Protein chains: 2
Amino acid sequence: MNKVEIFKALSNKTRLQILSLLKDPEQYFPAQQEGVQANNQGVCVGHIQQKLGLSQSTVSEYLSLLQRAGLIVATRSGQWTYYKRDEAAIQRVAESILNDL
Amino acid sequence: MNKVEIFKALSNKTRLQILSLLKDPEQYFPAQQEGVQANNQGVCVGHIQQKLGLSQSTVSEYLSLLQRAGLIVATRSGQWTYYKRDEAAIQRVAESILNDL
DNA sequence: CAAATATATCGATTTTTCCCGATAAGCCAA
DNA sequence: TTGGCTTATCGGGAAAAATCGATATATTTG
């Protein structure tokens, strides 16, 4: 776990918002739409982009940055990439802050 | 509490090191030296600078940045400024991550 | 008051981040 | 295989951060 990389990933309003959106996908992304996996497995890039109102390329970059930091995971399925939070990793980060900071 | 500002403050190796040094001042800064307050009230800028090996101006900037983020507090006493961790604030940050992230 | 010491601020340069549009790559359907 | 989606990557311009040396400010001391 690279703390500096994680804090960098978190030090941006939009990226914090992404984590927040992914916290409760059903609330933000009605389950019937395509682009939202069943069983809450993640949300596709396009839907996240719509919520944020930023360019596709920026959102894609942010998602991959959050993934490199280990905070979210991607699942490719056909032409879609579904992103979801890695709750265990996020928990470990929180504990590391509690203990080591 | 501005989360983005706090995460920015934390997203730098040197600033994390400062927080770590201030965690246990007696270990890093023998209490007999001048520039270390009695009763663990903080450590002066010069001693922190020596440990870090960066320029005086950079260390001063980092300390004031950490202070603006609310993670440390400064006490001026004569010609020295003593910095110490704001443990309660740090605790609140950790809890906020645990709950809100 | 003058010199010495500690810290803060200023100005400048280099590096990093933010965010975009254009384009490439992957997948699917006709 | 051609065209239409979805996502990733590339190249770039503007803004912010990193870091320094020089200088200013505040404090103490002779």
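Quick note: numbers below take in every heavy atom, side chains included, and nothing from hydrogens, waters or symmetry partners. What you see is a predicted model; the values in this text were computed from it and never measured. Within every chain, numbering begins at 1; the chains are lettered A, B, ... in the order of the sequence lines, protein sequences first and strands thereafter.
Between the C1' atom of C/dC19 and the CZ atom of A/Arg15 lies a distance of 11 Å, rounded to the nearest Å. B/Glu5 places its CD atom 14 Å from the P atom of D/dA16, with the value rounded to the nearest Å. The CD1-C1' distance, from A/Ile48 to D/dA8, rounds to 14 Å in whole Å. Remark: P of C/dC19 and NZ of A/Lys13 are 11 Å apart, rounded to the nearest angstrom. At whole-Å resolution of the value, CZ in A/Phe7 and P in D/dA18 are 15 Å apart. Taking atom CG of residue A/Leu52 and atom P of nucleotide C/dC19, one finds them 11 Å apart after rounding to whole Å.
If you check D/dA8, C/dT17, D/dA18 against the side chain of A/Arg76, the one that comes closest is D/dA8.
At D/dA18, one or more side-chain N or O atoms of B/Asn12 fall inside 4.0 Å of OP1 or OP2 (strictly under the cut-off).
Against DNA chain D, the stretch residues 53-66 of chain A makes heavy-atom approaches under 4.0 Å through A/Gln56, A/Ser57, A/Ser60, A/Glu61.
Contact annotation: the side chain of A/Leu21 approaches that of A/Leu52 to within less than 4.5 Å [non-hydrogen atoms, C-beta and beyond]. Residues B/Lys84 and B/Val73 meet the side-chain proximity criterion, which asks for heavy atoms closer than 4.5 Å.
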Scan nucleotides 3-5 of chain C against the protein and return all N/O pairs shorter than 3.5 Å with their distances rounded to 0.1 Å.
residue, atom, partner, partner atom, Å
C/dT5, O2, B/Gln79, NE2, 3.0

